[in-house]
There are 2 protein chains.
Amino acid sequence: MTQEPARVPARRPTLRDVALLAGVSTKTASRVVNGEGGVAAAKVAAVQQAVAKLDYRPNFTASSLRRLNGRTAAIAALLEDVANPFSSALHRALEDVARDRGVMILAGSVDEDPERERALVHAFTTRQADALVVVPASESQRYLAGEVNAGTPVVFVDRPPVGVDVDAVLVDNHAGAAEAVHHLVAHGHRRVAYLGDLLSIATARQRFQGFKEALSDHGIRPSPEHIVHDLHTEGDAERAALRLLAGEAPPTALFTAQNLVTIGAVRALRELGRHHEVALVGFDDFPLADLLQPPVTVVAQDPSAMGRLAAGLVFRRLDGEHWTPTVHFVPTRLVVRGSGEIPGPALSPPARPGRSG
Amino acid sequence: MTQEPARVPARRPTLRDVALLAGVSTKTASRVVNGEGGVAAAKVAAVQQAVAKLDYRPNFTASSLRRLNGRTAAIAALLEDVANPFSSALHRALEDVARDRGVMILAGSVDEDPERERALVHAFTTRQADALVVVPASESQRYLAGEVNAGTPVVFVDRPPVGVDVDAVLVDNHAGAAEAVHHLVAHGHRRVAYLGDLLSIATARQRFQGFKEALSDHGIRPSPEHIVHDLHTEGDAERAALRLLAGEAPPTALFTAQNLVTIGAVRALRELGRHHEVALVGFDDFPLADLLQPPVTVVAQDPSAMGRLAAGLVFRRLDGEHWTPTVHFVPTRLVVRGSGEIPGPALSPPARPGRSG
DNA sequence: CATGCGCTCGACAACGATGTCAAGATGTAA
DNA sequence: TTACATCTTGACATCGTTGTCGAGCGCATG
């Protein structure tokens with residue numbers, strides 16, 4: 001219980017300090033700290049005492065500089081936004097797998113900004129991340145070629161790589177969207193609207209394709225007014241849905257191709273009091289979807305599974321395994337909850353069954 | 001467009017390679033890379049060309065090892081769980097402030113596990129994080145004294161430090177909980193139940209104190225069966241709420257002291273079909289609370305504001321400012337949405353208005 | 001012409017740690 | 001006793017980079 005507040009911040013002790021105090025060489029101190037063995041018991045004890053007394057903590061960055069493989073035991077994750085549920089679930093899954101191996105995750109938010117993506121890659125690679133897990137926002141990731149050639153494992157998640165040949169963990173967005181549309185059509189809908197994210201995002205394009213082709217499988221051609229792209233926030237989506245539903249010949253069902261868009265659409269339907277009339281299927285699940293009125297039917301992705309798979313690929317590469325880059329698909333799952341089963345005109349135009357929303 | 005896939009991973013180029021190619025010394029190359037000036041234009045150009053040709057990227061960990069202040073431009077965040085909304089909003093706010101300064105965030109999930117907390121602190125400090133932002137789970141953080149003495153800025157968020165004297169950004173949990181209770185009592189409730197998180201968490205204890213004292217201000221003594229602690233998951237909370245509401249003389253209002261607990265309680269009320277009868281105020285806001293039926297009244301914290309404030313403190317310390325550690329309070333805000341305004345018996349016992357759930 | 005200044009530039013050491021290697025101590029077998 | 005293997009140990013170089021410092025040059029000044 002010393003009183004003086006150590007005004008001059010004590011320099012952090014180094015291995016040299018430990019060695020000096022223990023009366024051994026730095027190399028021997030290093031051996032003890034790393035449990036290398038081949039050190040006399042008496043010296044081991046002396047070093048351990050010195051470590052405890054000085055509260056010594058090895059400088060991991062210095063040691064990884066010298067070590068043979070140069071690993072920093074950190075892998076970088078470029079996420080869309082650490083605060084959105086999809087990204088943070090992915091982040092958590094990566095962390096869980098990495099934790100078992102004593103590896104840290106460096107995470108950053110790309111915010112759909114290609115420049116930001118490059119800045120983050122630069123920041124992470126200069127910090128010698130051992131591997132990169134990327135949810136890309138740019139149109140081409142050719143700039144990663146150098147890293148890939150240098151042997152850094154790179155895994156893309158959610159969106160396919162362009163201009164580089166690396167592993168990817170993707171969702172079959174096309175099939176998922178098509179399943180949503182088939183579901184709506186099966187419930188009697190013909191006028192199905194599409195509300196989607198930025199067309200610059202590959203997954204948005206794929207989902208839109210799936211939407212279009214599924215409708216066309218049923219011989220339906222969506223009216224152009226029922227297709228809205230480039231919605232990236234709840235507010236965007238809400239306004240777009242309001243506009244859509246206020247038009248003439250409004251859609252009887254909505255397919256919303258991203259979770260924030262889905263939530264915006266729910267808001268719009270609520271405001272209009274039509275949430276029990278207009279069917280809705282969203283792509284991507286979100287917390288509390290089951291507690292809304294009606295509960296929201298979604299095509300669920302499994303970000304945790306994607307994260308675990310991506311982390312697995314990273315570690316297998318880090319462990320020295322070799323294979324040609326592969327695309328892995330994680331299945332989507334249609335979660336039927338209510339909003340997608342609201343019947344459309346083609347199913348029950350004359351008489352509705354007794355139960356109402 | 002070479003065909004061979006560079007089977008032997010090319011060693012990453014170093015400053016020496018750049019210098020060699022440019023025909024200058026490593027020191028001059030370093031000067032150019034760091035924009036130090038005092039280098040002839042011709043050599044600057046030569047170095048820049050070499051950098052471009054080799055796709056050279058400086059090894060940031062090596063340079064921070066040598067640099068005078070030894071800063072790594074990374075600050076560590078020990079969060080409860082990177083995937084929960086409170087933590088990830090905090091994370092994002094930290095990142096936003098740090099980004100402007102070219103600083104990274106190292107985040108890790110503590111999961112309310114004191115051992116994990118120490119492991120993370122160890123991992124982050126051995127990696128030479130410049131500062132620590134901590135949402136602690138342990139009972140005492142005396143073990144951080146060494147770091148603090150070494151001059152590492154440490155800021156606690158959401159929970160007060162114990163055993164170390166550092167800055168903290170807290171919420172007045174006591175007052176927030178009391179406000180919730182006053183609100184419920186004002187709406188006619190006398191039998192108010194408490195459903196709360198692990199008592200090992202300081203904020204849970206404070207919220208419970210606030211609950212108890214606010215009730216006692218109104219001359220109400222809560223029945224012991226109406227107090228449930230140590231609920232840490234939605235499932236826990238749901239089961240507890242079901243049990244509570246099935247008992248005799250069940251509460252007419254619930255105060256749920258954490259967001260997952262609130263959601264669990266909502267689930268229980270739904271299952272019983274009593275969500276329009278039993279009032280509910282939760283501590284901590286959550287996404288879509290406004291879209292539930294009824295919308296959930298909460299005492300909202302502002303994790304973004306807390307993160308920004310914490311990051312601000314960190315950077316002021318890193319910039320060399322000095323002050324004695326201080327506790328900063330970020331106000332809570334009662335967000336009135338509906339569930340907390342369901343009238344209780346003391347307000348309208350005889351005749352209810354017509355509308356029913 | 002000698003002097004001094006300012007500008008470039010590179011040799012060298014150092015950051016904190018570990019890989020390499022050989023020296024010395026000890027034990028064992030012939 | 002000698003020869004040889006084994007175990008400990010530390011001196012030294014090194015990882016990739018930057019801080020220090022002084023050498024060399026050209027130029028203006030007196």
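Labels below follow one simple rule: chain letters A, B, ... track the order of the sequence lines, proteins then strands, and each chain is numbered from 1.
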Do any side-chain nitrogens or oxygens of B/Thr28 fall under 4.0 Å of OP1 or OP2 in C/dG10?
yes

Base D/dG10 to side chain A/Arg31, donor-acceptor N/O within 3.5 Å cut-off
yes

Rounded to whole Å, please give me the gap between CG in B/Leu15 and P in C/dG10.
12 Å

Between D/dT9 atom P and A/Glu36 atom CD, what is the distance in whole Å?
13 Å

Nearest-Å distance, CG (A/Leu20) to P (D/dA11)?
12 Å

What integer distance in Å separates A/Asn59:CG from C/dA14:P?
18 Å

A/Arg16 atom CZ is separated from D/dC12 atom C1', nearest whole Å, by 14 Å

d(CZ, B/Phe60; C1', C/dC15) in whole Å
14 Å

Below 4.0 Å: OP1/OP2 of D/dT9 and any side-chain N or O of A/Ser25:
no

Suppose we call a contact any N or O donor and acceptor under 3.5 Å apart; does that hold for the side chain of A/Arg67 and the base of C/dT18?
no

To the nearest angstrom, the NZ-P distance between B/Lys27 and D/dT17 comes to 13 Å

Between B/Arg66 and B/Gly37, the residue closer to the 5' end of DNA chain C by nearest nucleotide is B/Gly37

Between A/Lys43 and D/dT8, is there a side-chain N or O to OP1/OP2 distance below 4.0 Å?
no

Which residue lies more 5' along DNA chain D, comparing A/Thr26 with B/Asn34 via nearest heavy atoms:
A/Thr26

Rounding to an integer number of Å, can you tell me how far A/Arg12 CZ sits from C/dC15 P?
16 Å

In terms of side-chain heavy atoms, does A/Asp81 have a donor or acceptor partner in A/Ser87 at a distance below 3.5 Å?
no

C/dA17 phosphate, OP1 or OP2, under 4.0 Å from A/Ser63 side-chain N/O:
no

